[in-house]
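The chains referred to below are lettered A, B, ... by the order of the sequence lines, with proteins before strands, and numbering in each begins at 1. Bear in mind the structure is a predicted one, so any value in this text is a computation, not a measurement.
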Amino acid sequence: MSQAATLEPIEPSAPLEDSKRDNDVPFVTKILRTLFSPSTVTVFFAIISALVIGALIVVFFDPKVQATMGYLFARPEDFFAEAWRAFSGFFTSLVRGSIFDWNQDSLAGAFRPLTETFVRATPLIIAGLAIAVSFTAGLFNIGVQGQLIFGAIFGGFIGFFWDLPPVIHVLVAVIGAIAGGALWGFIPGILKAKLGANEVIVTIMLNSIAAYFLAALLNTYTFHGDGFAGKSRIMGPNAQLPLILGPSYRMHLGVIIAILACVLVWWLLERSTFGFELRAAGANPEAAKTAGINVNRTLMLTLVISGALAGLAATGPTLGTEKALTAGIAGSIGFDAITVALLGKSKPIGVFFAGLLFGALNAGGALMQASASIPVDIVQITQAIVVLMIAGSEAVRYMRQKRRRELATTRKVEETPVAAPKEVGA
Amino acid sequence: MKLELQGITKVFGPLVANDQIDLVVEPGQIHALLGENGAGKSTLMNVLYGIYQPDAGRILIDGEPVTFNGPGQAVAAGIGMVHQHFMLVPVFTVAESVALGYEPTDAGIINKKKAAEKVKELSARFGFDLNPDAVIEDLPVGVQQRVEIIKALSRDAKVLILDEPTAVLTPQETDELIAIMKELKASGTSIVFITHKLREIRAVADTITVIRRGKVVGEATPDASEKELAALMVGRPVDLGVAKEEKAPGATVLAFDDVTVIEDNGQVVLDHVSFDVRAGEILCIAGVQGNGQTELCEAILGSTRPTGGHVTIDGHDLTDSTIKHRLRQGLGYVPEDRAKDGMIASFSVAENMILDVYDQPPFATGISMHPQAVIENAEKLRKIFDVRVTSVLDPISTLSGGNQQKAILARELSRPIKTLVAAQPTRGLDVGSIEFVHQSIVEQRDSGTAVLVVSTELDEVEALADRIAVMYRGRIVGIVPPDTPRDILGLMMAGVPYDEARTAGKEVRS
Amino acid sequence: MSAQVTTSENQVVEGIRLPVQWRDPVVAAVMLILTLVIAVMARGESRISFADISGWFEGGIWVISAPIAVWTMTVLSVVGTVIIWLRALARKHINGWWLALVSVALVVSFLVWVVSDRPTAILPVVSLLAGGLMFAVPLGFGALAGIVNERSGVINIAIEGQLLVGAFAGAVVGSAFGSPWMGLIGAPLAGMALGAILAWFAITFRTDNIVVGVVLNMLALGLTSFLFSTMLKNSQHLNQNLKLPILPIPVLSDIPIIGPVVFRQNILVYLMFVVVIVMQFMLFNSRWGLRLRASGEKPQAADTVGINVNRIRWHNVLLGGALAGLGGAFFTVGSGLSFSKDMAAGNGFIALAAMILGRWNPTGALAAALLFGLATNLGGVMQAVGAPIPAEYLLMIPYLVTILAVAGFVGAVRPPAAEGKPYP
Amino acid sequence: AAPEKEAPASGADQSGSQSGAAAPTTGENIKACVVSDEGGFEDRSFNQSAHEGLLRAESELGVEIAQAESGSPDDFDPNIQNMVQENCDLIIGVGFMLQDAMIAAAQANPDIKFALVDSTFVKEEGDKAPENARALVFNTAEASYLAGYASAAMSKTGKVGAYVGMKLPTTAIFNDGFADGVKAYNEAKGTSVELLGWDKDKQDGMIVGDFSNQQKGKELTEQLFQQGADIVMPVAGQAGLGTLAAAKEKEGSMVVWVDADGAEAQPESAAVILTSVMKEIDNAVFDTIQSVLEGTFDSTDYIGTLANGGVGLAPWHDFESQVPAELNEEISALQEKIISGEIKVETTNQP
Ligand SMILES: Nc1ncnc2c1ncn2[C@@H]1O[C@H](COP(=O)(O)OP(=O)(O)OP(=O)(O)O)[C@@H](O)[C@H]1O
Ligand SMILES: Nc1ncnc2c1ncn2[C@@H]1O[C@H](COP(=O)(O)OP(=O)(O)OP(=O)(O)O)[C@@H](O)[C@H]1O
Ligand SMILES: [Mg+2]
Ligand SMILES: [Mg+2]
């Protein structure tokens, strides 16, 4: 009722928000335009500088570099040699681990890192989409981790317990995973819709419950069979996601699924009536309600869809790479996906590239520790710095633009003559 | 205290909101600022109050140039401001709201007694009835307005800026405010008074400055006619009345049968309300804000569920049906609070124009939407309803309030409707926009739609109504013809039944 | 001139009655049914230990008949439930204590049942509560940090990270100086450092608060793990087991139950209680609190009376960081443990939940933290007495309890209106 | 358990290793690499032990090394693959979780030697392990049997406790042996010392839920104390540090540490560590590296037992004076009987 509470001054568009949508331009032009837009360039430089910072941290804590620091002034060349070794080791192993490994004998082997990047990006992208969907509806689904675990439980169970013909088995397992995730998303959804329970609390709690539930299941005979407790039986051969580049690469069908999921989520958010409802409910639930949208139902469905995507994300490790359930099957995908979604600004295309970036850093980090003895935690640090650099540079760019615009208009105003002619009313 | 603004210029990006504005406020004077929406009045006052820094120009107090780096300095210099959009914290008490920023404290702990006394003392002085412990969000807007005024006065303001304080007040409240303004003026306070209501200006102003597109376009004296003022403001002649022919209404379309709404906290907000609206008729709901009009509209829309009674549209009992179902049954709905309920700020103008038909052809088949149809629709409506917008793909938040309201009207009037509910359809709009909105509503009525208008503006009620229903404390006090004298309506709005009010009114007049 | 009519209790508006509020009666009924089920299952004797209950007398171990105890509780539960139902059907206000009675009856029945009919199982009253408090301390600090941040308008998802760097700095600074007390200086500073990054991005750069928070968690986890693997691994002396001394408070520490649980603790525990009480008072009675809340609810209102909103936000984000950092110190110097990777173990997120569950009030958040801590410890007690439920399910108890609390008792909550919105 | 033959030099036999260090027989240097399980190399448990073995090989044998921590099971494959790419001569995986990945890698890379801690290379009964792979497994139950017996004897309250980080065969085996040891003591002495926190028949008991939460480890220990236990064996990696902290706060309580000799690894807690159930992963890793260096590597499984010193009970250290000579003798006798096969310690979790 209070007018005061509602007529807020218009916020200047947030620095992280996308620029205007335009529908008339051809697709390629659009891609090129985004590729070379100021914001893409900023992002590129932000990533590079974040990597440099990561490398400097490595240099600083490198034991050999520290050793040379002891006699820095006596023999500075030692220090610089070691520092350069550590610094370049960071970059070479990053590239060798994520894109191209020139140390390999065969070209096929040399390109394996690139496929690794895609494999690692797959669950991150799909789980990132799960977060993005919930964000778009104004929900913070911290529970993707738990939903992923439930997807793994359902999909994995179908994969190792049932015995179905080829194609059908993997299909049923994937659907099972989706259903498992959706079920775990349904709980916070229904609690929010019916009882107003805050989804942040509920999903945080459901994460832990899911993890313990999986641990309990892994101690049952049904799950571990004749093997040891703690690790489930192996997925049936028909339930595994097929390897799309042959057995020498881990690249499995999940990569294609991730791309399809991006397209599907884009369509869902931007082109479907449900997406319209979801975006409306996220942007202004009151107005959405007034427009006849059932906001509670929309939010509930959003959590279900978000959970379903999380469940789908579980198929990567469960049916693609791991092929068995363990307590750690979900890793920290559900949490890393939050960063991926935020870095991708909750847009499918953004999530895709953010997922690739994180996948590449993960793959590179793995080789980094193997070849340069750099603790793998540097990957996390670098990922965090990447996002901070991007956020920071965008903020700076936004402020500078604003100032430039203001300066330009001020100058124009000052040039106009001072006289202000006055009409006089009766 | 004499206040002078010289050559004040303020730009927002490409927009020059204030362009070399000069203004002099003499001590003990009520200086009215007049101008259409977006003319730059609030911006000018925000510059004066230290919220914005001017890009050019200067402020002088008693001939001395001053600069305000923030509102704190303006307040210290004796300037008080009641903002167009309330600057109150909804969860604070009245005493806390008044104290904020100038808290009486003992070692950092607020002396609540002192804060409450201050409120009591000031409300006693101006005849307000304010409970220092009441929480702001529970108060009707009229009372919130008083808190704002007390807040400004509690700092001993020598110059008081009132930015559209009457937009949410009832006639009676407006009269009280005008009395207070006169009292303040008598005690030497200067007042800058901003309003769109020409009648009020003529009632209190000593000087009038008219602003258009950021520039001072003229000055006037209170004896100028409303027509002249309006023309000066808009830059063209304005038709203040609404051309409306008598028409025989058709069958009942919208009906309330004994509807009662009780809120969860036990408040009875609608108390056995019955009325009907017939095709080709405008029923206006008059009344002081907060007497159940909001809930009445919500009960029609279905966002509030009646505890008892029935709501029917076109013969269908819709008491328990969903909002969507009602909208499909031909309900057009212009909500009272457009920013909150009527539009989605971050959505494009085009999307906002299909907000409640997004899943209907031609905008969607099944669950697949057709963006091209959405854009075409927007382009069409933009022309018909004269919505001023650079691109229909821009977020609607970049439009001025008047244009936002037009976009909402366009949406509701462009789909097939049998009944139109419009709550406060012209709140905060300038005369030009009001003219347009009123015309659209009357056209809708003429095409055979049953129209229900809720308004706290008696001017608007008189201009539009075929019948007037007066609400008081959740009840309909009476339904009266449109030519009922204002004083009788006023009494009814205070809860006096029609018959008694008529006798009382006659006594007064005789 | 209020235009709305407040009806008196149980008002009948000419035949129309107020809708019945079903949440409390349903919750009470469910709890009663659970109590009944326990009563039916209860067999044999239960041993309840009141050891260390008070400095004034020996508590010893009490052996009670489980069925008698549980049926007594059931009777109480029935009384409470009936009253709740009668009042609900009469549309009268239901005093929260009735629901509390029913809940307590359920919890007590459950505890008695857990140790019943098992001659070696003991229900340790004091350690059940004291252990619960131990789990609650970092949650309490984290939730307090969240409260000052969010009430001033900045969403802080980075509590987890702040706890973690607090734990790290507590151990490392304490070890470097050879005193756990120095850890109490290092920890809040580390939390503040993370808070400063949060403030810089969220306030000054206007970055999405959740983005910064999530990233800071990542950064904190990455950095502490990296330093643990590089710096601390080679210099173990920088990561020792240091413990803040227990400082029993004379007289108070002898009060039965409360004494040993609350007043025989280290400084961090006392500090948490003090901060809760002081903050609860200050939020609603001091200039600091008023301005803080104004910044988080309606920054424009604060700005127009000359309050520098962003300065207030900066200060309180730093204050929050310091509080969370202190909470982190509880993991290391507060518990006599050395730092290890990912030591916060999700406590920051649970603190966030406690803050919401407590409706952004210090006392409410403390209650939520205690609820969670007690439920966690209850799971531990049940494991120790060998309850016939797989341990993984017992570990779920605190999480299930929290979901029940938010769904059954709390419902929708309203965050500060302007949280997460940059100003201007 | 498979019969043991030709076990490499036992860990207890330090001098043997040392002498090998002095003279690498095959002139060429090798690269030895370790891939951890989840938990990383600072887990105060098997990953850390394996890593220490690797580091010792680097410093004493001068071999090149590389290491990779796995954050999740999804890292196993790529980490092993990276090690292959890094031209490792020997790749050691830590933990039975790596079994599948290690078998696949061993089969795909016959030129590289593989070793797997805590698991065999045999997935199903009847499969043949690859020629280039050796399992490094430990019959920990034998050592924890002794610890259980000693604890039962040392307990003043007649109750001892144990808990695990998570229920896995490699943790449960400690508890199974411990439980049998307690039972043996009861049978021998007619006492009824109780083991809290583990039920061997049900294979269920107290768990932390992970291997890192020290606070929870501390609280679980306190609850065991409350139930009357005065000796607790945490089989929970880092979380076990919580038990040490709890024991230091409780007069008269003791801890049985696992994996390494706790009194040496955590000297500041030596005062509460009664003994440790040692699982000499580091020695096994070191010896395996040495065997590759010397060209004596073969695919025979290495099974750590009391007999070959691969597992054992640590010295009493601070408790030397408190342990009755009689008990010392009994333990020695039991050890002999187990080595001779007179006593069979059996559990379903045996490798
Ligand atoms: N922070 C801002 N950033 C960009 N534009 C803004 C901002 N604030 C206001 N505007 C501009 O303000 C206009 C709308 O402002 P406002 O709501 O004050 O309208 P108005 O001119 O007062 O109209 P009305 O009286 O009809 O509401 C738009 O033209 C919009 O571009
Ligand atoms: N913060 C802002 N940023 C950008 N533009 C703004 C801002 N505030 C106001 N404007 C622009 O300045 C113009 C003048 O706005 P102002 O609020 O002063 O109008 P007004 O005369 O008070 O109108 P109304 O009668 O609707 O209150 C508006 O049209 C708007 O476009
Ligand atoms: Mg306006
Ligand atoms: Mg204005």
Engineer: Across chain A and chain D, going purely by atom type as modelled, what donor-acceptor pairs are there at a distance under 3.5 Å?
Structural biologist:
from: D:Glu69; atom 1: N; to: A:Gln369; atom 2: OE1; distance (Å): 2.6
from: D:Glu69; atom 1: O; to: A:Gln369; atom 2: NE2; distance (Å): 2.8
from: D:Asp74; atom 1: OD1; to: A:Thr321; atom 2: OG1; distance (Å): 2.6
from: D:Asp75; atom 1: OD1; to: A:Arg120; atom 2: NH1; distance (Å): 3.2
from: D:Glu86; atom 1: OE2; to: A:Arg96; atom 2: NH2; distance (Å): 2.7
from: D:Met97; atom 1: O; to: A:Lys231; atom 2: NZ; distance (Å): 3.1
from: D:Asp100; atom 1: OD2; to: A:Lys231; atom 2: NZ; distance (Å): 2.6
from: D:Lys216; atom 1: NZ; to: A:Tyr212; atom 2: OH; distance (Å): 3.3

Engineer: Mind jotting down which residue pairs meet the ring pair (Phe, Tyr, Trp, His ring centres under 6.0 Å) criterion with at least one end in residues 77-122 of chain D? Sequence neighbours excluded, please.
Structural biologist: A:Phe228-D:Phe96
Engineer: Taking all atoms of both residues into account, what is the closest heavy-atom pair of D:Ala66 and A:Ala370, and its distance?
Structural biologist: CB-O, 3.2 Å
Engineer: Can you sort out the partners of A:Ala210 under side-chain contact (heavy atoms from CB on, under 4.5 Å), two or more places apart, ordered by chain and number?
Structural biologist: A:Ile149, A:Phe150, A:Trp184
Engineer: Can you say whether D:Met166 sits under 4.5 Å from chain A via the side chain, the backbone, both, or neither, judging by heavy atoms?
Structural biologist: side chain
Engineer: Answer with side chain, backbone, both or neither: which region of A:Ile234 has an atom nearer than 4.5 Å to a non-hydrogen atom of chain D?
Structural biologist: side chain
Engineer: Between D:Pro78, D:Cys88, D:Gly209, which shows the greatest number of heavy-atom pairs under 4.5 Å with chain A?
Structural biologist: D:Pro78
Engineer: Looking at A:Pro113, A:Ala229, A:Gly230, which one has more heavy-atom pairs under 4.5 Å with chain D than the rest?
Structural biologist: A:Ala229
Engineer: Kindly give the heavy-atom pair with the smallest separation between A:Gly328 and D:Pro73, and that separation in Å.
Structural biologist: O-CD, 2.9 Å
Engineer: For A:Ile329, which atoms come within 4.5 Å of any heavy atom of chain D: side chain, backbone, both, or neither?
Structural biologist: backbone
Engineer: Which pairs pass ring pair (Phe, Tyr, Trp, His ring centres under 6.0 Å) with one or both residues in residues 61-88 of chain D, sequence neighbours excluded?
Structural biologist: none
